[in-house]
2 protein chains.
Amino acid sequence: MEQLVKFESEFSIDCVIFGFEAGELKILLIERNDEPFKDWPALPGNLVENDEGIEEAAERILHELTGLDDLHMEQFHTFGDVHRHPRGRIITVAYYALIRIDSQKELKPGQLAKKALWHTVNDLPKLAFDHTEIFKTGFNKLRRRLSYQPIAYELLPEKFTLTQLQQLYEAILNKKLDKRNFRKKMLSYGFLKELDEKQKNVSFRAAKLYKFDRRKYSKIFQNELGVDV
Amino acid sequence: MEQLVKFESEFSIDCVIFGFEAGELKILLIERNDEPFKDWPALPGNLVENDEGIEEAAERILHELTGLDDLHMEQFHTFGDVHRHPRGRIITVAYYALIRIDSQKELKPGQLAKKALWHTVNDLPKLAFDHTEIFKTGFNKLRRRLSYQPIAYELLPEKFTLTQLQQLYEAILNKKLDKRNFRKKMLSYGFLKELDEKQKNVSFRAAKLYKFDRRKYSKIFQNELGVDV
DNA sequence: ATACACTGGTGTAATTTTTACACAATAGCT
DNA sequence: AGCTATTGTGTAAAAATTACACCAGTGTAT
């Protein structure tokens, strides 16, 4: 029976949950309750049930952790080194998820196994297991995908300013971009819809709000490189 | 014990093994010996042992299948739908491998579970399980990576002509490229070394041979986008 | 009300990259 | 010697990318 339990827990999902707030890119970390790595910060994750597909499992686990559904989740790598976990080989499929921190549906940390905190990606502590490596791999994938997938709009509120969009790009790519060139380029794609609305409650000139037009986006990019990516 | 065996076989590795021959991109398929999908063509693959990391397992399995070592292998996706395998949920980590078909060390089909055949990627039969989907996903990843990783040189013989290189790009990208522009671009990177040697045994003007200079390549691209990709 | 602080919004010129395109040179074969 | 097949080469136009600076609005403090 002990043997059986061991095999049941061979698989897990770990999530790098990205959020964007106050001009900074952040990820969600939990603090571990149990050994090994008790009290260490770690990526949220959980075991996969035996009768569950991994996509389902990823959605379930993320829901349990954040109370949110319908997030953009994407698998980016599977880690299965014999030594990555002290208890023996545990294979983990890593996903990243993108969430709007200022979402109406607030994140409910009470639903998390242990307290959860947002950490700026530029200043992460050492993480349990090989989670630092998992994070780095995920962050690099995110970076790459930024240029060919509409990732940014999952991290921003529905209505956003071009400055916010630019800050997000800068945070992900970790470099400064030129304001005029950035705007010219983004608008030239033709999938940003300018709204008749401006920022509220700011103590300076309010910026125009835009939203991402998914419909136009797919029309423009449907024949880019086959159907699936 | 029956239970135990069931858990032991939950994981597998499937490989999309690309090769390039006679101007065509091909993959290696086996024909299945057993039910389910007896006699169907399938991607070569095998179960992962319990005390084995997945990278190790991938190398071992590929070695058993082809007799080759030190191939460029890369994980590209993990498939774990409950219904992908009639026997229940079997998670498979998919890798692609790139091999030189005209390698000195010949492929030994005798070492394969069942006869193995090269198939042009443009004309594949229906494959067992979800292997068609796995292949497509892998092919798309290969395509993407072609533009930022020196993949092509793993598929060509050590010494190759620019025409061969172009044909390979055309096969992977599935489109015609302009000869002059292609050459200009490739040479501009500065990591192709022109040899003092020409093609032999051709009934037309022999082309210069080049080789890929891995040393220069890493020098040029080391600081492209962080260290790991 | 005026000045200040702060962010929003805009255009142009130079440079680089990408694209389109055609023909002479070479080697084997007859 | 002439035929055939493939190699190898340059230039001009178009498109994309880069670099760069100042006025316009809006709220706040005086």
Side-chain angles (χ1 to χ4, degrees), chain A residues 20-24 143 146-148 152 156-157 159-211 220-221 223-225, chain B residues 20-24 143 146-148 152 156-157 159-211 220-221 223-225:
Chain A
F20 183 63
E21 196 182 36
E24 291 195 313
R143 229 166 240 177
L146 182 64
S147 61
Y148 61 90
L156 291 173
K159 302 172 181 182
F160 53 84
T161 69
L162 292 179
T163 300
Q164 286 171 327
L165 184 62
Q166 182 176 346
Q167 283 170 343
L168 177 53
Y169 269 76
E170 290 177 341
I172 295 177
L173 300 175
N174 194 29
K175 65 177 177 194
K176 279 275 164 205
L177 300 173
D178 178 88
K179 183 162 62 157
R180 279 182 286 194
N181 294 337
F182 180 80
R183 286 166 179 239
K184 203 190 316 174
K185 185 150 223 264
M186 285 298 148
L187 294 173
S188 77
Y189 289 137
F191 53 66
L192 290 183
K193 189 166 168 186
E194 186 179 332
L195 302 176
D196 279 336
E197 217 175 326
K198 296 199 166 180
Q199 265 179 318
K200 301 274 185 208
N201 304 322
V202 285
S203 69
F204 45 79
R205 175 177 177 184
K208 275 185 213 156
L209 292 171
Y210 290 79
K211 70 193 241 193
I220 298 171
F221 290 103
N223 291 321
E224 272 288 278
L225 189 75
Chain B
F20 183 63
E21 196 182 36
E24 291 196 314
R143 232 167 237 178
L146 181 64
S147 61
Y148 62 89
L156 290 173
K159 302 172 181 183
F160 52 85
T161 70
L162 291 178
T163 301
Q164 286 171 327
L165 183 61
Q166 181 176 347
Q167 283 170 343
L168 176 53
Y169 269 76
E170 289 177 342
I172 295 177
L173 300 174
N174 195 29
K175 66 177 173 192
K176 279 275 164 205
L177 301 172
D178 178 88
K179 182 163 62 160
R180 278 182 287 192
N181 294 338
F182 180 80
R183 286 166 179 239
K184 202 190 316 175
K185 186 149 223 267
M186 285 297 148
L187 293 174
S188 78
Y189 289 136
F191 53 66
L192 291 184
K193 187 167 169 187
E194 186 179 332
L195 302 175
D196 279 336
E197 218 175 323
K198 296 199 169 183
Q199 265 179 317
K200 301 273 184 208
N201 304 322
V202 284
S203 70
F204 46 79
R205 176 178 175 184
K208 275 184 213 159
L209 291 171
Y210 289 79
K211 69 193 241 193
I220 297 171
F221 290 103
N223 290 321
E224 272 289 276
L225 189 78

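Quick caveat, the model's predicted, so the values are computed rather than measured. Below, each value reflects all heavy atoms present in this structure, side chains not excepted, and no hydrogens, waters or symmetry copies.
- Between the CG atom of B:L177 and the C1' atom of C:dC21 there is a distance of 15 Å, given to the nearest Å.
- Closest approach to the B:K208 side chain among D:dT9, D:dT7, C:dT7 is made by D:dT9 (side chain taken as heavy atoms from C-beta onward).
- Residue B:T161 is out of contact with every strand shown, counting any heavy-atom pair closer than 4.0 Å.
- Distance, B:K176 NZ to C:dA20 P: 15 Å, rounded to whole Å.
- Without hydrogens or angle criteria, A:Q164 side chain to A:T161 main chain gives a donor-acceptor distance under 3.5 Å.
- A donor-acceptor pair is defined here as one N or O able to donate and one able to accept, closer than 3.5 Å; such a pair exists between the side chain of A:Q199 and the backbone of A:A207.
- Of all nucleotides listed (C:dA27, D:dA19, D:dT7), D:dA19 comes nearest to the side chain of A:N181.
- Between the side chain of B:K184 and the base of C:dT19, at least one donor-acceptor pair of N or O atoms lies under 3.5 Å.
- Atom-to-atom, CD of A:Q199 to P of D:dG27 comes out at 11 Å; the value is rounded to the nearest Å.
- Side-chain nitrogen and oxygen atoms of B:T163 include at least one within less than 4.0 Å of the OP1 or OP2 phosphate oxygen of D:dT7.
- In this structure, of D:dC20, C:dC21, C:dT7, it is D:dC20 that holds the atom nearest to the side chain of A:R180.
- Atom CE of B:M186 and atom C1' of C:dT17 are 15 Å apart (whole Å).
- Listed for the A:Q166 side chain is a donor-acceptor partner under 3.5 Å among the backbone atoms of A:L177.
- In this structure, B:Y210 has its ring center at least 6.0 angstrom away from the ring center of B:F160.
- Checked against C:dG9, C:dC21, D:dT17, the side chain of A:K185 finds its nearest nucleotide in D:dT17.
- For the pair A:R183 (side chain) and A:L162 (backbone), a donor-acceptor distance under 3.5 Å is absent.
- In this structure, B:L162 places its CG atom 10 Å from P of D:dT7, rounding to the nearest Å.
- Taking atom CG on B:L165 and atom C1' on D:dT6, their separation rounds to 17 Å, with Å as the unit.
- Distances from the side chain of A:S203 to the nucleotides C:dG9, D:dG27, D:dT9 place D:dG27 closest.
- The side chain of A:R205 places no N or O atom within less than 4.0 Å of a non-bridging phosphate oxygen (OP1 or OP2) of D:dG27.
- Remark: P of D:dA16 and CZ of A:F182 are 18 Å apart, rounded to the nearest angstrom.
- Nearer the 5' end of DNA chain C, as judged by each residue's closest nucleotide, is the contact made by A:R183, out of A:R183 and B:F204.
- Atom pair B:Q166:CD and D:dG8:P shows a separation of 12 Å (rounding to whole Å applied).
- Sequence order on DNA chain D of the closest nucleotides to B:K179 and A:K198 puts B:K179 first from the 5' end.
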